[in-house]
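Structure first, commentary second.
By convention in this document, chain letters (A, B, ...) are assigned in the order of the sequence lines, proteins followed by strands, and residues within each chain are numbered from 1.
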Amino acid sequence: VLTFNLIIKALCKMGLVDRAIEMFRDMPYKNCTPDVYTYSTLMDGLCKEDRIDEAISLLDEMQIEGCFPNPVTFNGLINGLCRRGDMARASKLVDNMFLKGCIPNEVTYNTLIHGLCLKGNLEKALRLLDRMVSNKCVPNHVTYGIIVNGLVRQGRVADAALVLESMEERGRHPNEYIYSSLVNGLFKEGNSKDAMRLWQEMIEKRFKPNTVIYTALIDGLCRVGKPDEAKKLMIEMTTKGCIPN
RNA sequence: AUCGUACCAAAAGU
């Protein structure tokens, strides 16, 4: 089973979901019974191809075969629906998940919060974050990254900065994703001072800068009419092992 | 016996 699961996962990653399904259908003839990993991997692969209805029918099929879905099984499906923007069906699936005795975990919440952010519904996303906490789920750096980025994309950079502060108050350290999102947001709003200040802060905290953040800085400096500073950064980045693309 | 497989977030360009 383990071997099959690994192959099925690899095929799904390469976008060869149909080949993965063939493998899966072949398993019973090779004396292997698909387990919850097999189904979850396959369903996630289908969802990534936006073939959600096929994934849902696998959810029924697995239960008929006596295999019980776990939270990860549901998370994949919920993610598929969220990316499609179908939050109504996504939350129905959460209800379904409870009925099957599965408790939403932090990934479930992150997925739903991300879905709401994609729709630009930050108010609902923030409310869900509260509910997450009251349900004893601890927001992680991914959660904060989603929220910060969601706020930045709505142009609510100041609010995003507040989230960063509150996260530090809770003793959680932002990662480079969160910094680059915020630096980019500050530049987009024309606030190059704070953007550069945040960048300095990042360096002081010994974060390893990457190509993405350098690109954001260079783009930002050019936008505010400082091409020579941008040029300096472009030289600096290669000395730090970041390759311009 | 131990170990081993699954789900979520960032820039620009086109």
Side-chain angles (χ1 to χ4, degrees), chain A residues 1-13 20 23-24 32 34-48 52 55 58-59 62 67 69-83 90 93-94 97 102 104-118 125 128-129 132 137 139-153 160 163-164 167 174-188 195 198-199 202 207 209-223 230 233-234 237 242-245:
Chain A
V1 200
L2 191 54
T3 317
F4 270 106
N5 286 354
L6 285 168
I7 296 173
I8 287 170
K9 181 185 169 188
L11 288 169
C12 286
K13 247 195 202 142
M23 278 248 115
F24 160 72
C32 280
D35 63 8
V36 61
Y37 284 77
T38 321
Y39 284 104
S40 300
T41 306
L42 217 44
M43 286 162 63
D44 182 53
L46 284 166
C47 286
K48 294 240 156 84
I52 297 171
L58 268 183
L59 179 65
M62 75 186 283
C67 184
N70 66 17
V72 176
T73 319
F74 283 101
N75 288 345
L77 290 169
I78 291 168
N79 188 229
L81 290 166
C82 284
R83 282 190 321 184
L93 210 50
V94 176
M97 177 168 183
C102 292
N105 60 19
E106 69 275 19
V107 175
T108 319
Y109 282 105
N110 287 348
T111 307
L112 290 165
I113 290 172
H114 182 221
L116 290 167
C117 286
L118 286 179
L128 189 57
L129 176 66
M132 173 176 186
C137 243
N140 58 19
H141 60 280
V142 175
T143 321
Y144 288 111
I146 293 168
I147 298 274
V148 166
N149 197 238
L151 287 166
V152 165
R153 278 198 218 176
V163 172
L164 183 93
M167 136 172 220
N175 59 14
E176 61 267 36
Y177 286 82
I178 295 176
Y179 274 115
S180 52
S181 175
L182 208 46
V183 165
N184 182 249
L186 287 164
F187 268 126
K188 288 270 157 72
L198 201 60
W199 159 245
M202 206 179 146
F207 269 99
N210 59 21
T211 305
V212 171
I213 180 106
Y214 272 113
T215 308
L217 286 163
I218 291 168
D219 175 56
L221 286 168
C222 289
R223 272 173 206 265
L233 279 176
M234 183 138 174
M237 73 186 281
C242 295
I243 305 157
N245 61 17

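The distance from atom CD1 of A/I8 to atom OG1 of A/T3, rounded to the nearest 0.5 Å, is 10.5 Å.
With sequence neighbours left out, the side-chain contact (heavy atoms from CB on, under 4.5 Å) criterion links A/N140 to A/E106, A/N110, A/V142, A/T143, A/R172. Partners of A/F4 by ring pair (Phe, Tyr, Trp, His ring centres under 6.0 Å), not counting sequence neighbours: none found.
A/R83 comes within 4.0 angstrom of nothing in the nucleic acid, heavy atoms only. A/N5 comes within contact range of at least one nucleobase, with a heavy-atom separation under 4.0 Å. Across all strands, A/K13 comes closer than 4.0 Å to no nucleic acid atom at all (heavy-atom distances). In this structure, A/T41 reaches the sugar-phosphate backbone alone: every heavy-atom distance under 4.0 Å involves primed, P, OP1 or OP2 atoms, never a base. Base contact: A/N70 has a heavy atom under 4.0 Å from a base atom.
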Mind running side-chain contact (heavy atoms from CB on, under 4.5 Å) on A/R223 and A/D219 for me, showing each step along the way? CA-CA 6 Å; A/R223 272 173 206 265; A/D219 175 56; 3.0 Å; yes
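First and last contacting nucleotides of RNA chain B toward chain A (any atom under 4.0 angstrom from a heavy atom, 5' to 3' order): B/G4 to B/A12.
Side chain to side chain, A/N75 and A/N105 meet the donor-acceptor criterion of an N or O pair below 3.5 Å. Inspection of the A/D35 and A/N5 side chains reveals an N or O donor paired with an N or O acceptor under 3.5 Å.
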